[in-house]
Amino acid sequence: MDTNGAAHALARVSAELTDGHNVAGGLVVLLRSCGAFLDTQATGILVENSRGALELLGASSHEATELEVLQAQLDEGPCVDAHASGEGVQAAGLQECLTRWPRFGQALEKSGFASVHASPVRWQGAVIGAMGAFRKSDRPFAQDEQLFAQAFADLASVMIVSTGELSADDLRGRLDETLASRIAIEQAKGVLAERRDISMAQAHEQLVDEASAAGRPLAEWAASVVSDAHRRYST
């Protein structure tokens, strides 16, 4: 394991943990940091919503968004299995992915991915979601990489919940708040893509970069982009 790279990745995430008002932006930093260290090209998190169904909470890129949302829609894939079992899930090589998840495997093939790993996202003994990491090579995730991925999944739950004791209802409320911010981010991506005539992937990158440059929480910045669009369309 590259201990220097791990230290830098954990330092970036630790810094985000001090800002409890920017959960959506903090999750992007966490997922990108995890992906940079694990040499993955997409990382994302699904969590249970108030209806008990899996829903996208955060993603490192638009491509990661599509992969995670598809798993939730199909009820099939590594994150679905990790959430159900409470254990890490891995598939190395496209053939294994297609065998285990025929429909989702086809999407992986189309997107050029060939190796996946998913870690359960846990809080106080309960599995509340899963974090997926996707590689375009068929290299399997080594044991230390799997441990690192789980550590980041655990950090994600801390980032969502922050500190203090929470009841099950309080936890559900916290998750619902974060899921609502995710909706604003997806809406803002659509606004930027249409306004600037760019792809959704480019819109995602520009939205994250501009929020960071402005020193604003990602969800707050996204809401302002959507609000500005509404004002323009109503005049």
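One-based numbering along the sequence shown.
- The salt bridge (Lys or Arg N to Asp or Glu O under 4.0 Å) check on Glu186 picks up Arg182, Lys189, with sequence neighbours excluded.
- Under a 3.5 Å cut-off, the side chain of Thr43 and the backbone N or O of Leu31 do form a donor-acceptor pair.
- Smallest separation of non-hydrogen atoms from Ala193 and Ala203: N-CB, 3.9 Å.
- Note on Val226 and Leu192: separate hydrophobic clusters, where clusters join Ile, Leu, Val, Met, Phe, Trp and Tyr whose side-chain heavy atoms are under 4.5 Å apart, directly or indirectly.
- For Ala201, the side chain to side chain contact (heavy atoms under 4.5 Å, CB included) partners at least two apart in sequence or on another chain are His62, Ser199.
- Val89 and Val127 are members of different hydrophobic clusters when ILVMFWY side chains are connected at heavy-atom separations under 4.5 Å.
- Residues Leu54 and Leu67 fall into different hydrophobic clusters, defined by Ile, Leu, Val, Met, Phe, Trp and Tyr side chains chained together at heavy-atom separations under 4.5 Å.
- There is a path of hydrophobic side-chain contacts, each under 4.5 Å, that joins Leu57 to Leu155.
- With sequence neighbours left out, Arg139 forms a salt bridge (Lys or Arg N to Asp or Glu O under 4.0 Å) with Asp39, Glu145.
- Looking only at side-chain heavy atoms (C-beta outward), Leu27 and Met159 come within less than 4.5 Å of each other.
- Note that CG of Leu207 and CD1 of Ile185 are 7.0 Å apart. Values are rounded to the nearest 0.5 Å.
- Scored by the salt bridge (Lys or Arg N to Asp or Glu O under 4.0 Å) test, Asp138 finds no partners at all (sequence neighbours excluded).
- Remark: side-chain polar atoms of Arg32 are paired, donor with acceptor, to backbone N or O of Ser60 under 3.5 angstrom.
- Of the possible donor and acceptor atoms, none in the side chain of Arg216 sits under 3.5 Å from a partner among the backbone N and O of Glu210.
- The salt bridge (Lys or Arg N to Asp or Glu O under 4.0 Å) search around Glu87 returns none, not counting sequence neighbours.
- Classified by interplanar angle (parallel below 30°, tilted 30° to 60°, perpendicular above 60°), the ring pair Phe134/Phe113 is perpendicular.
- Taking 4.5 Å as the limit, some side-chain heavy atom of Arg195 sits within range of a side-chain heavy atom of Asp228.
- Here the OG1-CG distance, from Thr65 to Leu70, works out to 12.5 Å after rounding to the nearest 0.5 Å.
- Two residues are said to be in side-chain contact when any heavy atoms from C-beta on lie closer than 4.5 Å; Leu74 and Trp101 fail this criterion.
- Two residues are said to be in side-chain contact when any heavy atoms from C-beta on lie closer than 4.5 Å; Pro78 and His117 fail this criterion.
- Cluster membership for Trp221 and Val191, using ILVMFWY side-chain heavy atoms within less than 4.5 angstrom, is shared.
- With hydrogens and angles ignored, the 3.5 Å screen pairs a side-chain donor or acceptor of Gln150 with a backbone N or O of Pro120.
- Checked against side-chain hydrogen bond (donor to acceptor under 3.5 Å, both in side chains), Ser212 has no partners two or more places apart in sequence or in another chain.
- Residues Arg135 and Gln41 are in side-chain contact: their nearest non-hydrogen atoms beyond the backbone lie under 4.5 Å apart.
- Glu76 places a side-chain N or O within 3.5 Å of a backbone atom of Arg103 that can act as its donor or acceptor partner.
- Here the side chains of Gln146 and Ser119 are not in contact, with every heavy-atom distance at 4.5 Å or above.
- Residues Cys79 and Ala118 approach most closely at N-CB, 3.7 Å, considering heavy atoms.
- For Gln206, the side-chain hydrogen bond (donor to acceptor under 3.5 Å, both in side chains) partners are Arg196, not counting sequence neighbours.
- Not a single ring-ring contact (aromatic ring centres under 6.0 Å, His included) links Phe104 to another residue, sequence neighbours left out.
- Counting only residues at least two apart or on different chains, the salt bridge (Lys or Arg N to Asp or Glu O under 4.0 Å) pairs with a member in residues 114-130 are Arg122-Asp154.
- To the nearest 0.5 Å, the span separating OG on Ser227 from CD on Gln187 amounts to 11.5 Å.
- Residues passing the side-chain hydrogen bond (donor to acceptor under 3.5 Å, both in side chains) test with Gln73, sequence neighbours excluded: none.
- Panel note: side chain Thr40, backbone Ala36; no donor-acceptor pair is recorded below 3.5 Å.
- Within 6.0 Å of atom CG in Asp197, 12 or fewer heavy atoms from other residues, nucleotides or ligands are found, so the atom counts as exposed in its surroundings.
- Within the 4.5 Å cutoff, side-chain heavy atoms of Leu46 are placed close to those of Leu56.
- Two residues are said to be in side-chain contact when any heavy atoms from C-beta on lie closer than 4.5 Å; Trp123 and Val158 meet this criterion.
- With sequence neighbours excluded, the residues satisfying side-chain hydrogen bond (donor to acceptor under 3.5 Å, both in side chains) with His83 are Glu48.
- Sorted by first then second residue, the salt bridge (Lys or Arg N to Asp or Glu O under 4.0 Å) pairs that include residues 53-73, not counting sequence neighbours, are Glu63-Lys136.
- A distance-only check finds a donor-acceptor pair linking the side chain of Ser111 to the backbone of Ala107 [under 3.5 Å].
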